[in-house]
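Data block below; observations after.
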Amino acid sequence: MGKGKVTVMDHPLIQHKLTIIRDKATGTKVFREVADEIAMLMAYEITRDLELEDTMVETPVVTAKAKTLTGKKLGVVPILRAGLGMVEGVVKLIPAAKVGHIGMYRDEKTFEPVEYFIKMPSDINERTLIVVDPMLATGGSAILAIDALKKRGATNIKFMCMVAAPEGVKALTDKHPDVDVFIAALDEGLNEDGYIVPGLGDAGDRLFGTK
Ligand SMILES: O=P(O)(O)OC[C@H]1O[C@H](OP(=O)(O)OP(=O)(O)O)[C@H](O)[C@@H]1O
Ligand SMILES: O=c1cc[nH]c(=O)[nH]1
Ligand SMILES: [Mg+2]
């Protein structure tokens, strides 16, 4: 592994749901639903360190001391297309989060990422950004996406993916050691076509039914 902090979220529910989306017999509808559920479970874990402050609440019984989120700003940044499949799951838990989009495709021969779209909230320098993409293969797409966010002023970034290859985790944590990486499964590696093994195939195509 590289220099950054890496957390593997191997909760039983996440592992069970991952098996469903790894299965090649799983169609688009179920793939989308289960990917959404995995993203929500991961968001629950990734938000464990959100800051709380004291407040008062009037219950039907008494006025009591209680806790509330500080309202520190968050952003979710899906890497298109496949990252879109993780947005709903996160914003269901954090409805105040703004969403920035970054479009990236991987050249099929060289595996080099190409950026084709970016639209961010204007205040990304004030936000904790959670970059989401189901797949971290060579790491090229995640590295370029995070480069683009840092260039625009982002300083507090987390990366969350479902399936990662060790090569991608090393490349990402070497290049961006300040970015905490959260993954649901660390797979064996990459095949000659740049696919994660065992992986789940092309996440974008499986989410959107494009193959
Ligand atoms: O770590 P890397 O080697 O860069 O590969 C991972 C990238 O490949 C996939 O996107 P893809 O290029 O297939 O685009 P899509 O989401 O539009 O299908 C995936 O969603 C990641 O963004
Ligand atoms: O296995 C892989 C590798 C890159 N992108 C995917 O969607 N799947
Ligand atoms: Mg794809």
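In this chain, residues are counted from 1 in sequence order. Predicted, not measured: the structure shown is a model, and the values here were computed from it. First listed ligand is number 1; within each ligand, the first listed atom is number 1.
Protein heavy atom nearest atom 14 (O) of ligand 1, with residue, atom name and distance: M104 O, 3.9 Å. Counting protein heavy atoms only, atom 8 (O) of ligand 1 is closest to R106 CD, 4.0 Å. Looking only at protein heavy atoms, the nearest one to atom 18 (O) of ligand 1 is R81 NH2, 2.9 Å. Scanning the protein heavy atoms around atom 13 (O) of ligand 1, the nearest turns out to be D202 OD2, 3.6 Å.
Checked by atom type and distance alone, the side chain of N191 pairs as donor or acceptor with a backbone atom of D193 at under 3.5 Å. Checking side-chain atoms of E112 against main-chain N and O of D107 turns up no donor-acceptor pair under 3.5 Å. With hydrogens and angles ignored, the 3.5 Å screen pairs no side-chain donor or acceptor of R206 with any backbone N or O of F31. With D133 contributing its side chain and C161 its backbone, the two residues share no donor-acceptor pair below 3.5 Å. Between the side chain of T26 and the backbone N or O of R22 there is no donor-acceptor pair closer than 3.5 Å. Using a distance-only test at 3.5 Å, with no hydrogens or angles considered, no donor-acceptor pair links the side chain of R81 to the main chain of L207.
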*Using the salt bridge (Lys or Arg N to Asp or Glu O under 4.0 Å) rule, take K73 and D123 through it: C-alpha gap first, then chi angles, then the decisive distance, then the call.*
CA-CA 9 Å; K73 295 173 170 180; D123 55 357; 3.1 Å; yes

*Test side chain to side chain contact (heavy atoms under 4.5 Å, CB included) on E53 and T68 and set out the steps.*
CA-CA 5 Å; E53 61 190 10; T68 187; 3.7 Å; yes

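Between the CZ atom of R127 and the NZ atom of K72 there is a distance of 12.5 Å, given to the nearest 0.5 Å. Atom OG1 in T128 sits 5.5 Å away from atom CG in L74 (nearest 0.5 Å).
Closer than 4.0 angstrom to ligand 2 sit non-hydrogen atoms from R106, M135, A137, G194, Y195, I196, G201, D202, A203.
Every atom of ligand 1 is numbered from 1 in the order shown, and the set under 4.0 Å from a heavy atom of G139 is 1 (O), 2 (P), 3 (O). Against a heavy-atom cut-off of under 4.0 Å, M135 is close to the following atoms of ligand 1: 6 (C), 19 (C), 21 (C). Listed by atom number, the atoms of ligand 1 under 4.0 Å from G140 heavy atoms are 1 (O), 4 (O). Close contacts of ligand 1 with Y105, meaning ligand atoms under 4.0 Å from a residue heavy atom, involve 12 (O). Below 4.0 Å from some heavy atom of G204 lie the following atoms of ligand 1, by number and element: 18 (O).
When non-hydrogen atoms are compared, ligand 1 lies under 4.0 Å from the backbone of S141 as well as from its side chain. Counting heavy atoms under 4.0 Å from ligand 1, residue T138 touches it through both backbone and side chain.
Protein contacts to the Mg ion (ligand 3) involving N, O or S atoms at a distance below 2.8 Å are D202 OD1, D202 OD2.
Shown here, atom 10 (O) of ligand 1 is out of close reach of the protein: none of its heavy atoms lies under 4.0 Å off.
Hydrophobic clustering of Ile, Leu, Val, Met, Phe, Trp and Tyr side chains at less than 4.5 Å, counting indirect connections, keeps M86 apart from I157.
Using a 4.0 Å cut-off between a side-chain N of Lys or Arg and a carboxylate O of Asp or Glu, K92 and E88 do not qualify as a salt bridge.
Considering backbone and side-chain atoms alike, A82 places an N or O below 3.5 Å from some N or O of ligand 1. Any N or O atom pair closer than 3.5 Å counts here, and A137 shares at least one such pair with ligand 1. Checked by distance only, ligand 1 and L136 stay at 3.5 Å or farther apart across all their nitrogen or oxygen atoms. Where the criterion is an N or O separation shorter than 3.5 Å, residue side chain and backbone included, D133 meets it with respect to ligand 1.
Every residue two or more places apart in sequence or in another chain that forms a salt bridge (Lys or Arg N to Asp or Glu O under 4.0 Å) with D178 is listed here: K150. A search for salt bridge (Lys or Arg N to Asp or Glu O under 4.0 Å) contacts involving D54 returns K67, not counting sequence neighbours.
Looking at heavy atoms from C-beta onward, K98 lies out of side-chain contact with I124 at the 4.5 angstrom threshold. Between R32 and D36 the shortest side-chain heavy-atom distance does not fall below 4.5 Å.
In F208, the CZ atom is crowded: over 12 heavy atoms of neighbouring residues, nucleotides or ligands sit closer than 6.0 Å.
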